[in-house]
Every structure is written in structure tokens, then in C-alpha cells.
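Structure first, commentary second.
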Amino acid sequence: MTEQKHLKARIRARMARTGERYAAARRHVVGDAERPGTDHDWPLRGGRHPETAAVAHVLAGHGVELSEAMVLGIGGGLGAGYILWEFAAHDTTHLTLGFRRRWNYLDWTDQTLDRLGARYRVYTTSGAKGAAAALDDALAVGERAIVVPDRYLIGYWHLPSHLEAHGGHAVVAYAATDAGVRIDDRNTRPLTVPADVLHRARARVVSYRNKLLVVEAATAPENLADLVRDGVRECAGHLGGTSASFALPAWRKWAKLLTDRRNAKGWPTVFADGRGLATALMTVWDEVEPVGMSGGHLRDLYADFLDEAAPLLGERATQAAEAFREAGRRWHAFAEAALPADVPEYARLRDLMAAVAEGVALGDDGAAGRAEAAAELWQRRAELDRKPPVAPDLGVLADRLRAVHTAEAEAVEVLRTL
């Protein structure tokens, strides 16, 4: 018991320091990859990013073994997005970042499955009874369903109520039990959600209310090289595009807004009285680093894809992979500047975020630990938002974000040569 407690503390400390997810941090600490557990004939493989992991896991259930990195690459790779929402009615702000191609659209999973030649069906309805019945029927005959529940209502992330209906991400519902529905959200041990809770969470966000996707058949792609090249071409065109909302100019725009005192959307104006700034900086770390709910910046995962695809693309793919890893290192430096570990209050926040992510990875076994960590995390976040421990240097943040933009622009140019 004592050894296990110390091991978990070391894993969590690494997660807080590096931003790695539980499985990756455990692999570094223990020394070998933990073999995936199996529940109801469903291997629990962990994973990095919700949508790419869900697709990879469902395809594996049909005997098609593609890595999560390969799914990301074939699906068109990377994107860029920055939105700072202001809710006047609640006097709050909410920062949203996007790192995958079409990060703000709901059709990425469908498009990627189409590209891979999978046969699937999609069920959507506004009716709660019909949606519940569709999921129950699918699970009853042994099918696995990709669903998109609201993160607050799903419960196991233990978010505060003001984040209800702020969004969710893809998970796999793979079995029904007496206690509820088993969920694969990159956890490595069984995670159960009461059926009524899952049904409510699926119905909450209007834009993808009750969506259910079931892969009915899939085979290993015969034209993998073509799919890889198409994915690379799409990533270079999309990430390297001119949109200030969905391509690299989004990072340049954000860098300018960090110090722009004239623009109404500039951070010196939006956070003129200091309120909300600490929350935005905490969100930066949570969104950029892989330890968060959404999988992080994905640049290193895309580099893994390029390395894996190098036999199909040629040796320049390895050079492109290193260029994207450099971009990932610069994202890490940016996140470190936003929530520096040498500030004790921020170090504790990072540890608590890691503890929540570890608790989700441990499924039902981690329920008590993640609930306790989440309660302290959100209490501390609220306190620090009212009174930040240090005044952030937005100029430093802007410089580091410009360095990110430069690195990604260079990586895209190498990508174009492929």
C-alpha cells in the first residue's frame, strides 16, 4: 500500500511537471508500458486526444490497428484556434483553444472514418427516450458507440456548475452493466457512468445533442500511402492557411492581443481590473499541456505520425517531425510562463490538475481521489482568480507565443516539401 502510494505520487509529480497524461508518465516512472486492461472484451488502451483515441480504439475493435498518431495524421493533422469568450450576463470570460484540424466542427470523426473506408451509422434525435433507446440497443447487441456528452454533467471530471453546457468531447460507450454504462475516455481501468447521467449529458449541448456513431465494419486500408499523403497535404494547406481563426495567423493574432491596450479584445482591456486573468492563465496550461481534458497542443503526437509514416513519405518526414517537436517544446515553454511551477500556489494547481487526470485514468478506482483533488482545485482557482499570487508578464507570454508561431510556420514549410 505504501509503495503504491509513493509510486502514484511520483507519477503525479511527473504529470504536473511535464504535462504528460497518466499512462505516459507512468511509463517513464516505472520503466515499461503498462499492458492495457480488458473489460467486457474491450481493451483499455489509454490515449492522448479524445477524438483520435476514440476512432483508433473503435477501429481496433474491428481488427484495424492504427495508432492514435496515424489516425490524427490521416484525419488531416493540426489546426489552430483562439477564442476569448466574454459573457456579460455572468461577468465572466472563457478561453477556448483549438489544436486539431476542424477543431470547432463536429464532422471530423465522420470525415476521418469516411477517408478510412469504414462503414458506420449516425443516429441523432432531440428526443431523450429515442436517444437512450438507441444507445441501449447498440450496447445490447455488443456494438460500441462514440457519443459526445457534456463534460460537466458526465460527472467524473468534477467541474463546477458554471461550466455546464460549455462543451464535451468524444468518448466510447462500450458496455452496459447493472451500475451503468462503461466509458472509454482514455482511461486505463473501467470507468462507469450511471445510465441516466449519461443520457442527460448526451442531451445537454444543442449542437451535437444525442449524437451516436457506431462503426459497423472496417478493414485495414490498402492505400495507406495515399491516405497519409492526402492527410499531410491537408494539414499543410489548413494549418499553413491565411485564416486568423483556424490557421497559424491565429497565434500571431493572439500574441498581439496579449499586450494590445487599444483593442477591446486585448488582454490589458479585457482583464483591466485583474479579475479573470488568473483563470485564463490556468486554462492556458490546462489546454496546452497533454494532462488536460482535451489532449493538449498535439504537435508531438503529429510528429509521431510523421516518424511512423517516414517509410511512405521519405526521409524529409523525419525532419518535419523534429520541426513539429520543436514547436511542441515552444508550446511547453509558453504554458510554463503562463503557470510557472516556481510559484507555490501555481505548482499546487498543476499537481491538482494532474491528480484529477490520474483519477480519470484510473476509472472507478480513482473516483475518490479525483473528487477530492477537483474540489480543492476549483476552490483554489476561485481564490487565486480574486487575488493572483503574482502579476504575469504578458510581454513574455507574447514573445513565447510568437516563438511558437515561428516554429510552426517553419514546420509547415518542411511539411509542404513532402
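Residue numbers start at 1 and run along the sequence shown.
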Problem set entry | Residue list, side-chain contact (heavy atoms from CB on, under 4.5 Å) with Pro221, at least two apart or on another chain | Val64, Leu116, Asn223, Leu224, Leu227
For this session: Please report the C-alpha distance between Phe99 and Trp251 in whole Å, then the side-chain angles of each, then the deciding distance to 0.1 Å, and finally whether the ring pair (Phe, Tyr, Trp, His ring centres under 6.0 Å) criterion is met.
Result: CA-CA 11 Å; Phe99 294 106; Trp251 305 144; 5.6 Å; yes
For this session: For the residue pair Trp331 and His297, categorise the inter-ring angle as parallel (less than 30°), tilted (30 to 60°) or perpendicular (more than 60°).
Result: parallel
Exercise. Any salt bridge between Asp385 and Arg275, counting N to O under 4.0 Å?
Worked result: no
Exercise. Less than 4.0 Å between a side-chain N and a carboxylate O, is that true for Arg299 and Glu326?
Worked result: no
Exercise. With the threshold set at 4.0 Å, does a side-chain nitrogen-carboxylate oxygen contact exist between Arg115 and Glu234?
Worked result: yes
Problem set entry | Sole residue of Arg48, Arg325, Arg329 in side-chain hydrogen bond (donor to acceptor under 3.5 Å, both in side chains) with Asp300 | Arg48
For this session: Check the pair Glu68 / His49 against side-chain hydrogen bond (donor to acceptor under 3.5 Å, both in side chains), numbers first and verdict last.
Result: CA-CA 8 Å; Glu68 187 181 351; His49 173 255; 5.0 Å; no
Problem set entry | Any side-chain donor near an acceptor of the partner, Thr259 and Trp267, under 3.5 Å | no
Problem set entry | Aromatic ring proximity Trp285/Phe334, centre distance under 6.0 Å | no
Problem set entry | Donor on one side chain, acceptor on other, Tyr120 and Asp114, under 3.5 Å | yes
For this session: Evaluate the salt bridge (charged side-chain N to carboxylate O under 4.0 Å, His left out) criterion for residues Glu289 and Arg350: first the C-alpha distance (whole Å), next the side-chain angles of each, then the deciding distance (0.1 Å), finally the verdict.
Result: CA-CA 10 Å; Glu289 297 288 41; Arg350 288 165 53 148; 5.7 Å; no
Exercise. Quick one: do Arg380 and Glu345 make a salt bridge, cutoff under 4.0 Å?
Worked result: no
For this session: With rounding to the nearest 0.5 Å, note down the distance linking CZ in Arg416 to SG in Cys235.
Result: 10.0 Å
Exercise. By ring-ring contact (aromatic ring centres under 6.0 Å, His included), which residues pair with His166, not counting sequence neighbours?
Worked result: Phe87, His94
Exercise. Cation over ring, Arg102 on Tyr105, under 6.0 Å and within 45°?
Worked result: yes
